[in-house]
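Reviewing the structure listed below.
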Amino acid sequence: MQDVVSFLNYLVCILFVICYSYQFFYIVVSLFKKPYRFKKAEKDHRFAVMICGRNEESVIGNLIESIKNQHYPQELIDVYVCADNCTDQTAAVAQKAGAIVFERFNKEKVGKGYALNFLFKRIFETSGQDYYDGYFIFDADNLMDKRYIKEMNKAFSAGFKVVTSYRNSKNYETNWISAGYALWFLREARYLSNARLQLGSSCAVSGTGFLISKDIIKENNGWHYYLLTEDIEFSIDTIIKGYKIGYCPTAHFYDEQPEKFSVSWNQRIRWVKGYMQVFKYYGKRIIKGIFGTNGFSCYDMAMNLMPAYVLSMTSTFINIASFIISVIAARGDILGIVISLAQLIGTCYFMLYLVGLITTITEWKNIKCSGFKKILYSFTFPLFIFTFIPVTIWAMTFGKSDWKPIKHGVNKSIDDMDKKSKKKKK
């Protein structure tokens, strides 16, 4: 039994390497290739900033303030807010801060996708489909760096129809959960999106902090992505259609990460269920796309959709089942199975720690917390990733998920984040 388990664990590791070795090449590219810089934009485009929020009165004002303080012509920026099924003062706070607000009340069609489509329809009715050159998508808890729109306009002017950006965190320092999220998104920006940009492949949008051309919105007649992970659904559909999603490394924004495990659990259950939904509806098309003109981008997205979940589940099942069988049969190789499992966990921990450590070192100046916590949370990063295993098991077996609002309460302005940066430089 021990030899069989060891062989199967080895086989799973080999499959992981086969599927994801290209992402280690991404790390090499990002470390050694000169950072990409977009040229100065020849034109200042007209943009709408789209914000959908449910009961976000404590944070939405700070986001709108950061938009109003952009180093970009304010007459070319309009802020639209969908106060979605709110029971607080989100609409009033947003309107007072200078946004154009539409309230939506619909208990049946719940989710960000429905709220976005509602907001696009309202804009089309009041301004038409051609008034804005592009649309920014943001969550209410976000903050824009003061040069964010100026930098994104450069990438937009370079010809990308969709552009994502550098995602940082407002509350990295809180605990190992918020730091785990934040480090994951920093790694995504530096070692996935950046490498894809450098290699001419397509990036993917990640929930918030991205820009879409009016051409895409007109082609889609609004926003028709309603699955639990509407961002991944949009990315997959856009890539299948032949577009390449760009990335602007100099456009920074901040968002708030969950700090409680219960909140994180529910959110990630939704993510896993959403990935399963996307694979169900787009799996055949994305696999078929691997053999087309946008082939590598399709392969990259396919690898991000499903294999990791399946391989993790397979490995977990193999080791748990073998341990139970050995205990029931009173076999003498229980210790060997435990050792084999420990070796697997140790190897995975080391690899994840290495990824987290490299990200921490290279993004050190951008992480808003003490040096001690930066080092500490590089050690807890693998533990955070390990918690995806029970989340995945629950989501793929018992879990039911729908859109649930996440309460945001980190009341920080962009000036607060800038002050942190200045203190660290001193």
Side-chain angles (χ1 to χ4, degrees), residues 9 12-13 16 19-20 23 167 169-188 191-192 206-207 228-229 231-232 255-279 303-321 323 338 341-360 367 369 373-404 406-408 410:
N9 282 335
V12 170
C13 286
F16 258 111
C19 290
Y20 297 103
Q23 293 193 8
R167 185 175 188 172
S169 176
K170 295 195 294 185
N171 60 330
Y172 192 108
E173 77 284 355
T174 302
N175 57 33
W176 68 282
I177 298 172
S178 63
Y181 275 98
L183 196 54
W184 178 263
F185 288 126
L186 288 174
R187 173 253 177 190
E188 182 180 78
Y191 295 108
L192 290 183
S206 183
L228 291 172
T229 47
D231 53 341
I232 301 302
D255 72 345
E256 179 181 337
Q257 310 301 341
E259 299 174 355
K260 295 182 178 179
F261 190 78
S262 58
V263 176
S264 173
W265 175 275
N266 290 331
Q267 183 187 60
R268 288 186 287 163
I269 288 287
R270 176 176 64 80
W271 286 359
V272 175
K273 298 290 283 187
Y275 272 67
M276 292 167 62
Q277 287 179 343
V278 173
F279 186 77
M303 291 303 101
N304 281 274
L305 267 184
M306 192 53 63
Y309 295 118
V310 174
L311 291 173
S312 297
M313 287 283 288
T314 301
S315 179
T316 301
F317 175 79
I318 289 171
N319 287 278
I320 293 176
F323 180 79
V338 172
L341 178 59
Q343 290 174 338
L344 177 64
I345 293 174
T347 301
C348 292
Y349 178 91
F350 175 75
M351 295 302 293
L352 290 169
Y353 169 70
L354 194 60
V355 170
L357 179 63
I358 291 172
T359 306
T360 300
I367 298 174
C369 70
K373 286 189 174 182
K374 292 176 187 178
I375 295 171
L376 172 64
Y377 292 143
S378 69
F379 284 101
T380 61
F381 176 69
L383 304 180
F384 172 77
I385 301 301
F386 282 160
T387 61
F388 268 100
I389 295 174
V391 167
T392 302
I393 293 173
W394 187 265
M396 298 182 76
T397 51
F398 320 107
K400 292 183 179 180
S401 183
D402 52 17
W403 272 96
K404 295 179 182 178
I406 295 177
K407 186 175 181 180
H408 297 114
V410 180

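This one's a predicted model, so the numbers in the text were calculated from it and none came from an experiment. What's counted below: heavy atoms across the whole structure, side chains too, no hydrogens, waters or symmetry copies.
Using the six-membered ring where Trp is involved, Y349 and Y353 have ring planes that are parallel, under 30° apart on the 30 and 60° scheme.
Not a single ring pair (Phe, Tyr, Trp, His ring centres under 6.0 Å) links F185 to another residue, sequence neighbours left out. F381 meets the ring pair (Phe, Tyr, Trp, His ring centres under 6.0 Å) test with no other residue; sequence neighbours excluded. Take E259 and apply the side-chain contact (heavy atoms from CB on, under 4.5 Å) test, not counting sequence neighbours, and it matches N171, T174, N175, S178, V410.
Note that the CG atom of N304 and the SG atom of C19 stand 11.0 Å from one another [nearest 0.5 Å]. Distance check, rounded to the nearest 0.5 Å: CD1 of I269 to CH2 of W394 gives 8.0 Å. The CD1 atom of I406 sits 12.5 Å away from the NZ atom of K260 when rounded to the nearest 0.5 Å. Atom OG in S169 sits 8.0 Å away from atom CG in L186 (nearest 0.5 Å). Rounding to the nearest 0.5 Å gives a distance of 7.5 Å between CD1 of I389 and SG of C348. Here the CD1 atom belonging to I375 is positioned 12.5 Å from the OG1 atom belonging to T380, to the nearest 0.5 angstrom.
Between T229 and Q277, every side-chain heavy-atom pair lies at or beyond the 4.5 Å cut-off. For the pair W271/R268, a side-chain contact is recorded, criterion being any heavy-atom separation below 4.5 Å from C-beta on. Taking the side chain as every heavy atom from C-beta outward, I345 and F386 approach each other to under 4.5 Å. Counting heavy atoms from C-beta on, the side chains of Y20 and M303 come closer than 4.5 Å.
Screening Q257, E256, Q267 against Y181 for a side chain to side chain donor-acceptor pair (under 3.5 Å) leaves a single residue, Q267.
Across all their heavy atoms, P258 and I177 have their closest contact at O-CG2, 3.5 Å. Nearest heavy-atom pair, S378 versus T360, reported as atom, atom and distance to 0.1 Å: CB-OG1, 3.9 Å. Closest of all the heavy-atom pairs between M396 and V272 is CG-CG1, 4.3 Å. Heavy atoms only, all atoms of each residue included: E173 and C369 are closest at CB-CB, 3.4 Å.
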For this session: Begin from the C-alpha positions of F384 and L352 and carry the test side chain to side chain contact (heavy atoms under 4.5 Å, CB included) through to its verdict.
Result: CA-CA 10 Å; F384 172 77; L352 290 169; over 6 Å; no
Problem set entry | side chain to side chain contact (heavy atoms under 4.5 Å, CB included) between W176 and F379, worked out | CA-CA 9 Å; W176 68 282; F379 284 101; over 6 Å; no
For this session: Check the pair V391 / W265 against side chain to side chain contact (heavy atoms under 4.5 Å, CB included), numbers first and verdict last.
Result: CA-CA 7 Å; V391 167; W265 175 275; 3.6 Å; yes
Problem set entry | Worked check of side chain to side chain contact (heavy atoms under 4.5 Å, CB included) between I367 and Y377 | CA-CA 11 Å; I367 298 174; Y377 292 143; over 6 Å; no
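When atom types are taken as modelled, the side chain of R167 and the backbone of E188 share no donor-acceptor pair closer than 3.5 angstrom.
Taking the ring centre of W184 as origin, the terminal cationic atom of R187 falls inside the region bounded by 6.0 Å and 45° from the ring axis.
Within 6.0 Å of CZ on F350 lie no more than 12 heavy atoms contributed by other residues, nucleotides or ligands.
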